[in-house]
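Sequential numbering from 1 along the given sequence is applied to the chain's residues.
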Amino acid sequence: MQDLANVLKDFQKRYPKLGHSQTAEAFEAIQADDEVKDFFSENQEILKPDALVVSITDLFEFVREKKREQLGKPALYPGYRPRLVVEKGYPHVAYEPTEATKKTLRQAALLRSIAVPKSVAKADLNQIVAEVADDEGRAPAVAAVVATFSALVSQKEQVGEREFVPGVYLSGDFGVGKTYLMGAFANALAYNGIGVMMVHWSTMIERLKGSFGNNGDQSLLTLVDDAKKAPVLILDDLGADTLSSWSRDSVLAVILEYRMQHELTTCFTSNFDLQSLEKYLAQTRDGQEPGKAARLMQRVRYLAKPVAMAGENRRLNR
């Protein structure tokens with residue numbers, strides 16, 4: 001077993017920037033730390049007799065990182081705080097996520113996105129609400145999204161049968177902030193423990209096409225099934241793809257039919273208003289099919305309430 005003098009020498013080698021007096025101060029800080037004292041008291045029956053000596057570097061790291069956290073300095077592992085555990089009879093410093101990090105991890109687990117712009121990942125619904133108070137073009141859309149969000153959060157806390165919460169069909173010109181608003185909505189839902197899937201529609205269709213012939217059937221079924229069953233689904237930029245009867249009838253119609261039957265909240269963004277969307281859905285490479293478009297529009301209208309969003313093109317004004 002090493003004696004304390006040799007341990008302190010090894011300690012100085014590991015932390016060469018510490019002088020003799022600083023090494024002594026570090027050791028005193030370890031001995032004086034209440035959490036270290038409590039740890040040794042609670043685990044005295046399973047700790048080895050030389051635990052303090054052998055694990056001095058771990059104990060120093062624990063005390064040092066706690067102090068850095070208290071002083072607001074950058075942590076060794078940002079978002080995680082140190083704690084002491086026993087491994088084979090000796091103290092060892094481990095790191096556990098802070099409450100904020102746990103919340104972020106839960107949010108990430110509840111939010112799935114496909115081809116959503118990077119900027120949307122940080123979109124904040126509260127901030128948007130504060131910014132659009134006097135913006136007549138955006139305020140109605142923001143109010144509709146906030147109302148849907150509030151209804152879903154309230155419903156989550158209810159016991160028993162839950163009422164259907166319709167989504168929002170958000171239409172407007174390019175660059176007015178439709179995707180950003182829906183991204184903020186998705187972030188807020190996940191932060192409050194509600195599962196949500198946000199999908200850029202054209203990209204999803206291209207990925208499904210690309211999966212053909214390479215375990216394609218299973219990939220297609222999994223992605224479509226995820227979209228069908230997500231607690232909240234956001235289909236972004238509907239109508240931006242080159243429509244085919246397959247994407248309309250075998251993908252979009254299947255997803256919306258399931259969600260209508262199971263009353264699952266569904267939201268959309270599009271450059272088309274509902275009337276224009278119906279015309280778009282009627283025209284495929286096979287010609288005009290107004291009947292199929294009309295049936296599909298019944299599902300869209302059931303699932304979401306239309307609201308227009310106006311304003312300047314923010315993409316051009318960056």
What heavy-atom pair brings [X] and [Y] nearest, and what distance separates the two atoms?
{"X": "P166", "Y": "T148", "result": "O-CG2, 3.6 Å"}
{"X": "A186", "Y": "L111", "result": "CB-CD1, 3.9 Å"}
{"X": "F164", "Y": "T265", "result": "CE1-N, 4.2 Å"}
{"X": "T266", "Y": "R259", "result": "OG1-NE, 2.6 Å"}
{"X": "F185", "Y": "C267", "result": "CE2-SG, 3.8 Å"}
{"X": "Y169", "Y": "F272", "result": "OH-O, 2.8 Å"}

Under a 3.5 Å distance rule, please check whether [X] uses its side chain to pair with a backbone N or O of [Y] as donor and acceptor.
{"X": "N271", "Y": "G172", "answer": "yes"}
{"X": "T203", "Y": "V199", "answer": "no"}
{"X": "S41", "Y": "K37", "answer": "no"}
{"X": "S171", "Y": "D273", "answer": "no"}
{"X": "S270", "Y": "L238", "answer": "yes"}
{"X": "S55", "Y": "D58", "answer": "no"}
{"X": "E96", "Y": "R83", "answer": "no"}
{"X": "R299", "Y": "L256", "answer": "no"}
{"X": "S154", "Y": "A151", "answer": "no"}

Test item: [X] and [Y] side chains (from C-beta on) under 4.5 Å apart, heavy atoms:
{"X": "R68", "Y": "P74", "value": "yes"}
{"X": "E65", "Y": "Y77", "value": "no"}
{"X": "I128", "Y": "D124", "value": "no"}
{"X": "L252", "Y": "L281", "value": "yes"}
{"X": "V168", "Y": "K305", "value": "no"}

* To do: Could you give me the CA-CA distance, side-chain angles and deciding distance for V251 and W201, then say whether side-chain contact (heavy atoms from CB on, under 4.5 Å) is met?
  => CA-CA 10 Å; V251 185; W201 178 249; 3.6 Å; yes

Nearest 0.5 Å, what's the [atom1]-[atom2] distance between [X] and [Y]?
{"X": "I114", "Y": "S202", "atom1": "CD1", "atom2": "OG", "answer": "12.5 Å"}
{"X": "R64", "Y": "L59", "atom1": "CZ", "atom2": "CG", "answer": "12.5 Å"}
{"X": "D226", "Y": "M204", "atom1": "CG", "atom2": "CE", "answer": "8.5 Å"}
{"X": "F149", "Y": "N187", "atom1": "CZ", "atom2": "CG", "answer": "10.5 Å"}
{"X": "M297", "Y": "L274", "atom1": "CE", "atom2": "CG", "answer": "4.5 Å"}
{"X": "D249", "Y": "E257", "atom1": "CG", "atom2": "CD", "answer": "12.5 Å"}

* **Set of residues satisfying salt bridge (Lys or Arg N to Asp or Glu O under 4.0 Å) with respect to K66, sequence neighbours excluded** => D33, E35

* Structure fact -> Residues passing the salt bridge (Lys or Arg N to Asp or Glu O under 4.0 Å) test with E69, sequence neighbours excluded, are R81

* To do: Using distance alone, with no hydrogens and no angle criterion, decide if E263 and Y302 have a side-chain donor and acceptor under 3.5 Å apart.
  => yes

* Give a yes-or-no answer on whether the side chains of D236 and T269 include a donor-acceptor pair shorter than 3.5 Å. => yes

* Trace of the side-chain contact (heavy atoms from CB on, under 4.5 Å) decision for L170 with F268 -> CA-CA 6 Å; L170 195 57; F268 308 83; over 6 Å; no

* Show the numbers, then the answer: is there a side-chain contact (heavy atoms from CB on, under 4.5 Å) between F60 and I30? => CA-CA 6 Å; F60 172 68; I30 290 169; 3.8 Å; yes

* Salt-bridge test for E289 and R248: reply yes if a basic N is under 4.0 Å from a carboxylate O, no otherwise. => yes

Same cluster (ILVMFWY, side-chain, under 4.5 Å), [X] and [Y]:
{"X": "V85", "Y": "L47", "value": "no"}
{"X": "I205", "Y": "Y258", "value": "no"}
{"X": "V307", "Y": "M309", "value": "yes"}
{"X": "L296", "Y": "L264", "value": "no"}

* Begin from the C-alpha positions of L208 and V224 and carry the test side-chain contact (heavy atoms from CB on, under 4.5 Å) through to its verdict. => CA-CA 9 Å; L208 290 175; V224 172; 4.2 Å; yes

* **Greater than 12 external heavy atoms within 6.0 Å of D173's CG** => no

* Full working for side-chain hydrogen bond (donor to acceptor under 3.5 Å, both in side chains) between E163 and Q155 -> CA-CA 8 Å; E163 294 183 1; Q155 183 194 69; over 6 Å; no

